[in-house]
**Q** 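Got a structure for you, questions after.
Predicted model only: the values in this text are computed from it and were never measured.
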Amino acid sequence: MAAPGGSAEGGPDVAVPLDLVVSAVDVHKSFRDVEVLKGVSLDVARGEVVVLIGPSGSGKTTFLRCINHLETVDQGRIYVNGRLVGYRTDRRGRIREERASAIARQRADIGFVFQHFNLYPNRSVLDNVCLGPRKVRRVSRDEAERAGRALLRRVGLGSKIDAHPAQLSGGQKQRVAIARALAMQPKLILFDEPTSALDPEMIGEVLTVIRDLASEGMTMVVVSHEMGFAREVADQVVMMDDGAIVEKGRPAELFDRPAHERTRAFLAKIL
């Protein structure tokens with residue numbers, strides 16, 4: 001794969017402000033002939049909750065996946081905690097894709113909660129939560145299970161530790177997925193439409209857990225169509241359309257006084 005180019009200079013140790021958990025600069029991504037991201041730049045401060053909104057196909061999920069290198073970038077740079085994600089500088093100063101082991105270590109600090117849960121169906125709820133710490137962080141079974149039980153109680157599932165995913169509701173599965181992400185003690189959690197696969201009555205229980213994380217100061221980037229949630233919890237709302245950021249701002253400003261016609265048109269359809 002060709003190394004990404006773009007306007008961000010330097011390698012893994014460029015001077016990114018210490019209060020920034022995410023710094024994305026001029027990020028481009030194409031799939032074959034379709035340009036999905038067209039120069040996205042975004043900073044996420046420590047403890048900040050950023051909610052990405054916009055129509056389907058606007059590039060929100062692709063951008064989220066680029067943050068932890070589930071998708072490579074064609075141009076630009078993404079830094080998490082001051083480190084270039086997915087790439088390194090070789091001895092000649094050229095940018096190369098990182099080794100798989102190094103990328104895995106970076107991802108250990110970035111939780112990802114998927115739209116469709118991605119739980120292991122043949123493992124118990126507790127095993128799903130404990131597998132990452134045991135395999136990636138080399139935590140002992142006893143320590144991982146002790147922490148896993150505490151996390152499952154925290155998300156309201158202390159009675160489900162021996163259950164398997166097929167025995168859970170959609171909302172319960174998503175809360176297990178959140179506990180699994182927290183088990184890695186991440187510095188950042190990415191949520192890809194965490195409620196879109198849920199029945200309406202189950203949405204609230206998942207959003208309550210995310211609200212609690214926000215109140216505790218967890219840094220989060222959330223792709224969501226839940227505008228009430230975005231208004232209540234987000235520090236920054238980012239409107240995306242056609243692979244670009246149209247506008248961004250505090251919830252009260254963006255929802256009540258959107259500056260861009262595309263944002264006004266989008267909100268008029270869903271509010």
Side-chain angles (χ1 to χ4, degrees), residues 8 12-25 27 29 37 40-53 59-73 76-88 98 102-115 117-118 129 131-133 135-137 139 147 151 154-155 174-195 206-207 209-224 229-230 233-238 240 245 248:
D13 296 310
V14 298
V16 176
L18 292 176
D19 64 332
L20 292 184
V21 174
V22 179
S23 183
V25 185
V27 175
K29 175 65 180 178
L37 297 178
V40 174
S41 295
L42 180 68
D43 289 338
V44 181
R46 195 170 309 283
E48 188 176 26
V49 180
V50 174
V51 177
L52 307 180
I53 67 171
K60 305 184 301 295
T61 292
T62 298
F63 178 58
L64 209 67
R65 290 172 64 84
C66 286
I67 292 176
N68 76 337
H69 205 66
L70 285 174
E71 299 290 352
T72 59
V73 301
R77 303 282 192 274
I78 300 177
Y79 300 90
V80 173
N81 293 308
R83 297 289 298 176
L84 183 62
V85 174
Y87 299 95
R88 60 186 170 86
E98 264 289 13
I103 293 171
R105 287 194 296 272
Q106 288 183 319
R107 287 184 183 141
D109 289 330
I110 307 172
F112 202 119
V113 178
F114 297 88
Q115 180 178 348
F117 325 128
N118 284 18
V129 173
L131 189 63
K135 297 296 185 182
V136 178
R137 297 211 184 274
V139 174
L151 286 169
R154 180 178 175 183
V155 299
Q174 196 60 293
R175 282 184 282 158
V176 172
I178 294 172
R180 178 180 60 184
L182 291 171
M184 295 295 289
Q185 300 181 335
K187 298 178 175 65
L188 166 70
I189 301 184
L190 310 174
F191 291 87
D192 184 15
E193 299 192 34
T195 62
V206 173
L207 293 182
V209 173
I210 301 175
R211 287 188 188 96
D212 290 344
L213 292 175
S215 69
E216 295 166 8
M218 175 62 72
T219 307
M220 297 184 282
V221 181
V222 185
V223 173
S224 181
F229 165 80
V233 175
D235 297 295
Q236 182 179 187
V237 179
V238 177
M240 291 186 66
I245 292 177
K248 54 190 173 185

**Q** Can you give me the closest heavy-atom contact between Ala214 and Val233, atom names plus distance?
**A** CB-CG1, 3.5 Å
**Q** When rounded to the nearest 0.5 angstrom, what distance separates CD in Glu48 from CG in Leu188?
**A** 11.0 Å
**Q** What are the two closest non-hydrogen atoms of Ala183 and Val129, and how far apart are they?
**A** CB-O, 3.4 Å
**Q** With side chain to side chain contact (heavy atoms under 4.5 Å, CB included) as the criterion, how do Asn81 and Val21 come out once you've worked through the C-alpha distance, each side chain's angles and the decisive distance to 0.1 Å?
**A** CA-CA 5 Å; Asn81 293 308; Val21 174; 3.9 Å; yes
**Q** Looking at NZ of Lys187 and CG of Asp109, how far apart are the two atoms once the value is rounded to the nearest 0.5 Å?
**A** 4.0 Å
**Q** Can you give me the closest heavy-atom contact between Phe117 and Ala177, atom names plus distance?
**A** O-CB, 4.0 Å
**Q** Is there a side-chain contact between Ser224 and Glu193 (heavy atoms, below 4.5 Å)?
**A** no
**Q** Check ring pair (Phe, Tyr, Trp, His ring centres under 6.0 Å) between Phe114 and all other residues, then give those that pass, not counting sequence neighbours.
**A** Phe112
**Q** Assess whether side chain to side chain contact (heavy atoms under 4.5 Å, CB included) is satisfied between Leu151 and Ile178, documenting all intermediate values.
**A** CA-CA 9 Å; Leu151 286 169; Ile178 294 172; over 6 Å; no
**Q** Please round to the nearest 0.5 Å and tell me the distance separating atom OG1 of Thr72 and atom CD1 of Ile103.
**A** 9.5 Å
**Q** If the condition is side chain to side chain donor-acceptor pair (under 3.5 Å), which residues does Arg154 pass it with, not counting sequence neighbours?
**A** Glu216
**Q** Could you tell me if the side chain of Gln174 sits less than 4.5 Å from the side chain of Thr195, heavy atoms only?
**A** no
**Q** Can you name the nearest heavy-atom pair linking Arg77 to Val27, along with the distance?
**A** O-CG2, 3.7 Å
**Q** If you define the side chain from C-beta out and look only at heavy atoms, does anything of Tyr87 sit under 4.5 Å from Val73?
**A** yes
**Q** Output the distance between atom CD1 (Ile245) and atom CE (Met240), rounded to the nearest 0.5 Å.
**A** 6.0 Å
**Q** Nearest 0.5 Å, what's the OG1-CG distance between Thr62 and Leu37?
**A** 5.5 Å
**Q** Roughly how far, to the nearest 0.5 Å, is the CZ atom of Arg83 from the CD atom of Gln106?
**A** 7.0 Å
**Q** Any non-hydrogen side-chain atom of Phe229 less than 4.5 Å from a side-chain atom of Val222?
**A** yes
**Q** Of all the heavy-atom pairs spanning Lys29 and Glu71, show the shortest one and how long it is.
**A** CE-OE1, 4.1 Å
**Q** Checking side-chain contact (heavy atoms from CB on, under 4.5 Å) between Met218 and each of Ile210, Leu213, Asp212, which is the one that passes?
**A** Leu213
